[in-house]
2 protein chains.
Amino acid sequence: MGISKTEIFTAQQNEIALFAKAFGHPARVAILQHLFKIDTCVCGDLVNEIGLAQPTISQHLKELKNLGLIQGSVEGTRVCYCIDPGNWTKMKQILSEFLNQDVSIKKDCC
Amino acid sequence: MGISKTEIFTAQQNEIALFAKAFGHPARVAILQHLFKIDTCVCGDLVNEIGLAQPTISQHLKELKNLGLIQGSVEGTRVCYCIDPGNWTKMKQILSEFLNQDVSIKKDCC
DNA sequence: TTACTTCATTGCAATATTACGATGAATCAA
DNA sequence: TTGATTCATCGTAATATTGCAATGAAGTAA
């Protein structure tokens, strides 16, 4: 019904899904890639960099911030964004553990 | 508008988003984890394993199969599923490259 | 054949996501 | 103060996703 039955899954499964969902949109992928590419913080030139309207970018940034993957700090009229290194590392570990499950090729398999 | 503007992003960004979206639901995470846990193929006991209705599981399986992450082979009245090792590895490389971007902590950052 | 099993598909309702125009809040410059 | 700039929020429309009951398709067993 458009609503996920999160209560029947483990906390780990829900956490993996939440982080993965953050990367489930190319705009958020592009935002994060740009934050990595630029060494310093990005002060809101993301709207020009990516071809979406300002409210849309703002919305994507909010989602990433809510997950803790990025930080934003007000600087005058501008807001500067950057990756949150600690949380990024934590997220990376959680997802890596899931992705790196070994694929053992069995004989009597499909 | 509920529709992603994929045309303004690179093929790489869209590919990352597509794979990530596959893991963006706990049911699909649970399905994949079970396929890894069980050595042999799984013949449709996923409905019992996970607490969702049979059509719902079937729908999630279809999405994973469309992405190439799992294979399904008919065996009598049953269908056996397993991870597609090659495509799983390919996906892992694409996502790892994105996740492993180095977080360089700068001085005059947020 | 009929009955049964297993899984896919259809159709639909409820909710979520994406996108943006309009507007608001906060700061700076003059 | 006024005006300009920057970004967040609100409101809304379009589309996507999730979930399941009902049904269909394909095989097995008798």
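Order of the sequence lines fixes the chain letters, A, B, ..., with proteins taken first and strands second; residue numbering starts at 1 for each chain.
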Roughly how many Å is it from NZ in B/K5 to P in D/dA14, rounded to a whole number? 15 Å
Would you please name every residue forming a side-chain contact (heavy atoms from CB on, under 4.5 Å) with A/T56, sequence neighbours left out? A/L52, A/A53, A/H60
Just by distance, do the side chain of A/R28 and the backbone of B/A17 share a donor-acceptor pair under 3.5 Å? no
Start with the C-alpha gap between B/L95 and A/L95, add the side-chain angles, then the distance that decides, and say whether side chain to side chain contact (heavy atoms under 4.5 Å, CB included) holds. CA-CA 10 Å; B/L95 281 194; A/L95 281 193; over 6 Å; no
Is there less than 2.5 Å between the SG of B/C80 and that of B/C43? yes
A/F9 or A/K65, whichever maps to the more 5' nucleotide of DNA chain D: A/K65
Within the distance-only criterion (no hydrogens, no angle test), does the side chain of A/Q101 pair as donor or acceptor with the backbone N or O of A/F98 below 3.5 angstrom? yes
Could you tell me how far apart B/R78 (CZ) and D/dA29 (P) are, to the nearest whole angstrom? 13 Å
Side chain of A/Q59: nearest nucleotide among D/dT6, C/dC20, D/dA8? C/dC20
May I have the distance from B/N48 (atom CG) to C/dT5 (atom C1'), rounded to whole angstrom? 13 Å
Please give, in whole Å, the distance from D/dA8 P to A/N66 CG? 12 Å
Tell me the interatomic distance from B/I50, atom CD1, to C/dC7, atom P, rounded to whole angstroms. 13 Å
Quick check on D/dT9: is either OP1 or OP2 less than 4.0 Å from any side-chain nitrogen or oxygen of A/K62? yes
Smallest separation among heavy atoms of B/K65 and B/G72, with atom names: CD-N, 4.0 Å
Main-chain N/O of A/K92 paired to A/S96 side chain as donor or acceptor, under 3.5 Å: yes
Any donor-acceptor pair under 3.5 Å from B/W88 side chain to B/I70 backbone: no
Can you give one letter per nucleotide of nucleotides 21-30 of chain C, 5' to 3': B if a protein heavy atom sits under 4.0 Å from the base, S if only from the sugar-phosphate, - if neither? BB----B---
Interatomic distance, B/D45 CG vs C/dC7 C1' [rounded to whole Å]: 13 Å
Atom pair distance, as rounded to whole Å: CD in B/E63 and P in D/dG19: 10 Å
Contact between A/V29 and B/F9 at the side-chain level, heavy atoms closer than 4.5 Å - yes or no? no
Just call it for A/L61: base, sugar-phosphate, or nothing, with non-hydrogen atoms closer than 4.0 Å on any strand. nothing
So if I take residues 11-32 of chain B and measure heavy-atom distances to DNA chain D, which residues fall below 4.0 Å? B/K21, B/H25, B/R28
Spacing between B/L64 atom CG and D/dT17 atom P, to the nearest angstrom: 13 Å
Quick one: is C/dT18 close enough that its OP1 or OP2 comes under 4.0 Å of any side-chain N or O from A/T56? no
Map B/G44 and B/T6 onto DNA chain C by nearest heavy atom, then report which one ends up closer to the 5' terminus. B/G44
Heavy-atom nearest pair, A/I50 first then A/A30, reads CD1-CB, 4.0 Å
Under 4.0 Å between a side-chain N or O of B/H60 and OP1 or OP2 of D/dT17? no
